[in-house]
Student: 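Take a look at this one; I'll ask things after.
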Amino acid sequence: MALDRKSTNSRQRIQTNIPDWSSLVPVLPAAGRRTPALYRELRRLIEAGDIPPGSKLPPSRDLAQRLKTSRGSVVAAFEMLIAEGYAVARTGAGTFVADRVPSMKPAMLPEAEVVEPKMPLPGTLGVAMADARTLNIFRTLLSRHLARPGPEHFQYGDPRGGLALREAIAAYLRQARGVRCEARSIIVTTGTQQGLDLVIRSALSPGDRVMVEDPCYPSARAAFAGNGLHLSGLAVDAEGADIAGAVAGARAAYVTPSHQFPLGVTMSMRRRLALVDWARATGGWIVEDDYDSEFRFAGPPLAAMQGMDDSGRVIYLGTFSKVLFPGLRLGYAVIPDPLLETVMALRSRSDRSPPTLAEAALTDLIREGHFAAHLRRARRRAQAARDALVAGLLSAGNLSVDVPDQGLHLVAGLPEALGDLAAVEIARRAGLGARALSAMAVTRPPRQGLVIGFSGFAPDVLGAAARRFADAMPRGGPRRP
């Protein structure tokens with residue numbers, strides 16, 4: 001795609017020579033994937049110099065009208081450009097190409113020579129995207145530490161993670177989640193999966209029996225099974241996992257009490273107390289995976305079960321992947337004293353220490369109040385995305401949805417005659433990412449339904465994909481998962 005190059009480098013002339021930006025229209029798909037396509041094409045034009053540094057981009061509303069697409073898609077593309085450093089937003093003035101951007105010669109630009117990450121379908125689980133404001137702040141914080149790097153960046157540090165970040169996490173968990181912890185008991189990890197693996201290898205031995213929720217988070221189930229442990233399922237109903245079905249001799253129980261994955265229910269107080277009593281009486285461990293509790297849309301986040309435990313039998317796992325973005329690769333585990341030394345030794349042998357530069361920026365993000373402000377914005381975006389997804393799924397009357405009041409995913413019930421494995425393929429063809437609920441069963445007969453995420457995508461994109469999927473579904477009354 002070429003733009004009129006007869007103009008001078010004048011910013012005014014640049015804009016008048018492309019009054020309708022109509023040359024962008026051919027690169028946009030008919031629907032559903034417009035944001036990444038628009039972002040890639042704008043970035044290519046900036047890299048090639050067709051839109052010079054300092055040029056003002058059209059107002060998002062005007063460009064959306066010219067391209068016959070939603071304003072949300074244009075705004076999202078602009079935010080991606082800003083996050084990548086190709087553009088800057090100036091309050092009251094608009095969005096401009098950055099004064100300094102990555103430069104590429106035209107000969108380097110053929111599509112065959114540029115490897116682009118594949119964008120996931122709307123609805124895909126585990127996708128997260130911090131907004132442009134947070135990304136700009138985080139970039140500033142990283143630059144601050146790169147400009148005057150401390151000695152901690154040039155040597156291997158504490159395998160638990162830097163003290164400053166552990167203190168910030170501990171203060172946050174005590175205030176927001178009611179967790180009983182100090183900085184000394186926190187291990188900074190690359191996410192809950194690494195934390196879970198460290199805990200398994202520290203607290204359990206091959207051949208031990210572990211109880212997991214049924215249905216269960218597949219990656220957690222794989223971590224236990226991959227370490228040679230035997231699994232038993234705990235039935236999950238409207239009150240969460242039921243320890244009344246405990247298996248004799250079990251050494252641990254893995255639960256997601258604040259927002260059960262995948263069903264989305266919250267464990268009742270009586271079930272929590274019963275589970276803590278089981279751990280105290282048997283000497284078993286409880287692994288509490290609190291993966292997305294920050295996203296509660298009706299009232300403040302629920303208190304963690306770990307704060308109810310006075311016997312030190314609950315191991316608490318959390319992550320910044322959902323609240324910020326997975327590429328950050330930072331999570332945490334709150335480890336009881338009897339396991340702390342062993343976990344630290346394993347962390348040191350397997351990964352030496354966490355990334356100090358990312359740690360430093362995240363510490364400032366939390367301490368300076370940016371993280372709390374980001375969470376408020378992120379909750380509003382997630383709720384809007386949830387509402388758009390629900391409206392799209394219910395548009396044809398052949399699906400059922402229990403609207404979740406927290407978390408970043410939901411479960412959709414399907415028409416009676418349709419299995420969820422077949423529905424996953426129908427969803428894919430409609431441009432909607434989904435996973436089969438039946439594939440997450442452990443020992444009990446699998447339930448049928450689809451697990452669909454709503455983080456990391458604009459509401460209009462999610463809504464459109466959900467409507468296409470609903471329209472493609474067989475008619476007939478939906479069954480509940």
Student: Taking only residues at least two apart or on different chains, which pairs with a member in residues 221-234 satisfy side-chain hydrogen bond (donor to acceptor under 3.5 Å, both in side chains)?
Tutor: D197-N227, R209-S232

Student: Under the salt bridge (charged side-chain N to carboxylate O under 4.0 Å, His left out) test, which residues partner R377, sequence neighbours left out?
Tutor: D131

Student: Taking the side chain as C-beta and beyond, is there a heavy-atom pair between I187 and L340 under 4.5 Å?
Tutor: yes

Student: So does A171 get a backbone contact from the side chain of Q175, meaning a donor-acceptor N/O pair under 3.5 Å?
Tutor: no

Student: Please test E213 against T256 for side chain to side chain donor-acceptor pair (under 3.5 Å), starting from the C-alpha separation and ending with a verdict.
Tutor: CA-CA 8 Å; E213 298 166 319; T256 52; 2.8 Å; yes

Student: Can you check whether V411 reaches L437 side chain to side chain, under 4.5 Å on heavy atoms?
Tutor: yes

Student: F224: which residues meet the ring pair (Phe, Tyr, Trp, His ring centres under 6.0 Å) condition with it, sequence neighbours left out?
Tutor: Y254

Student: Describe, in one word, how the ring planes of F454 and F297 are oriented to each other, choosing from parallel (under 30°), tilted (30 to 60°) and perpendicular (over 60°).
Tutor: tilted

Student: Is D309 paired with R180 through a side-chain N to carboxylate O contact shorter than 4.0 Å?
Tutor: no

Student: Can you find a pair of side-chain heavy atoms, one from L121 and one from L432, that are under 4.5 Å apart?
Tutor: no

Student: What pairs with S268 under side-chain hydrogen bond (donor to acceptor under 3.5 Å, both in side chains), at least two apart in sequence or on another chain?
Tutor: E239

Student: Considering only residues two or more places apart or on different chains, which pairs with a residue in residues 182-214 satisfy ring pair (Phe, Tyr, Trp, His ring centres under 6.0 Å)?
Tutor: none

Student: Ignoring hydrogens, what is the shortest heavy-atom contact between G233 and D214? Give both atom names and the distance.
Tutor: CA-CB, 3.9 Å

Student: Answer yes or no: is there a donor N or O on one side and an acceptor on the other, between the side chain of R251 and the main chain of W285, under 3.5 Å?
Tutor: no

Student: What is the minimum heavy-atom distance between A385 and L462, and which atoms define it?
Tutor: CB-CD1, 3.6 Å

Student: Which residues pass the ring pair (Phe, Tyr, Trp, His ring centres under 6.0 Å) test with Y316, sequence neighbours left out?
Tutor: none

Student: Under 6.0 Å between the ring centres of Y172 and F371?
Tutor: yes

Student: Between D405 (side chain) and A298 (backbone), is there a donor-acceptor pair under 3.5 Å?
Tutor: no

Student: Please round to the nearest 0.5 Å and tell me the distance separating atom CG of D364 and atom NE2 of H370.
Tutor: 7.5 Å

Student: Could you report the tightest heavy-atom contact between I186 and C181, atom names first, then the distance?
Tutor: CD1-SG, 4.4 Å

Student: May I ask you to test the L263-P215 pair for a side-chain heavy-atom distance under 4.5 Å?
Tutor: yes

Student: Looking only at heavy atoms, what is the nearest atom pair of G161 and E359, with distance?
Tutor: CA-OE2, 3.3 Å

Student: Would you verify whether the NZ or CZ of R352 falls within 45 degrees of the ring axis of Y156 while also being under 6.0 Å from that six-membered ring's centre?
Tutor: yes

Student: Can E167 and R367 be counted as an ion pair, charged N to O under 4.0 angstrom?
Tutor: yes

Student: Please confirm whether the backbone N or O of V188 pairs with a side-chain atom of R347, one donor and one acceptor, at under 3.5 Å?
Tutor: yes

Student: How about R144 and T140: do any of their side-chain heavy atoms sit closer than 4.5 Å?
Tutor: no

Student: For Y332 and F320: C-alpha separation, side-chain torsions, deciding distance, then whether ring-ring contact (aromatic ring centres under 6.0 Å, His included) applies.
Tutor: CA-CA 8 Å; Y332 48 88; F320 291 101; 5.5 Å; yes

Student: Under 4.0 Å between a side-chain nitrogen and a carboxylate oxygen: does that hold for R468 and D471?
Tutor: no

Student: Are R133 and N136 close enough that a side-chain donor and a side-chain acceptor fall under 3.5 Å?
Tutor: no

Student: Around atom CD of E341, are there more than 12 heavy atoms of other residues, nucleotides or ligands at under 6.0 Å?
Tutor: no

Student: Looking at P262 and C216, what are the two nearest heavy atoms and their distance?
Tutor: CD-N, 4.1 Å

Student: Counting only heavy atoms not in R296, do more than 12 fall under 6.0 Å of its CZ?
Tutor: yes

Student: Taking the side chain as every heavy atom from C-beta outward, state whether L141 and L365 have any pair of such atoms under 4.5 Å apart.
Tutor: yes

Student: Would you say that T124 contacts V127 through its side chain, given a criterion of any heavy-atom pair below 4.5 Å between the two side chains?
Tutor: yes

Student: Counting distance only, does the side-chain N/O of E288 pair as donor-acceptor with the main-chain N or O of I315 below 3.5 Å?
Tutor: no

Student: Between the side chain of H374 and the main-chain N/O of V323, is any donor-acceptor distance below 3.5 Å?
Tutor: yes

Student: Without hydrogens or angle criteria, can the side chains of D289 and T192 be said to hold a donor-acceptor pair below 3.5 Å?
Tutor: no

Student: Within this structure, what is the CD1-CZ distance for the pair I243 and R272, rounded to the nearest 0.5 Å?
Tutor: 14.0 Å

Student: Ignoring hydrogens and angles, state whether a donor on the side chain of H259 or D290 is under 3.5 Å from an acceptor on the partner side chain.
Tutor: no

Student: Ignoring hydrogens and angles, state whether a donor on the side chain of S60 or R71 is under 3.5 Å from an acceptor on the partner side chain.
Tutor: yes

Student: Nearest 0.5 Å, what's the CG-CE distance between L418 and M473?
Tutor: 5.0 Å

Student: Would you say the side-chain atoms of N398 pair up with the backbone N or O of A470, donor to acceptor, closer than 3.5 Å?
Tutor: yes

Student: Check R160 with E182, please: is the shortest side-chain N to carboxylate O separation under 4.0 Å?
Tutor: no

Student: Using a 6.0 Å cut-off, check whether atom CD of Q155 has over 12 heavy atoms from anything other than its own residue.
Tutor: yes

Student: Using a 3.5 Å distance criterion without hydrogens, assess whether the side chain of Q193 forms a donor-acceptor pair with backbone atoms of S219.
Tutor: yes

Student: Are the side chains of V265 and V236 in touch, meaning some heavy atoms are under 4.5 Å apart?
Tutor: yes

Student: Looking only at heavy atoms, which two atoms of I452 and G433 are closest? And how far apart?
Tutor: CG2-O, 3.7 Å

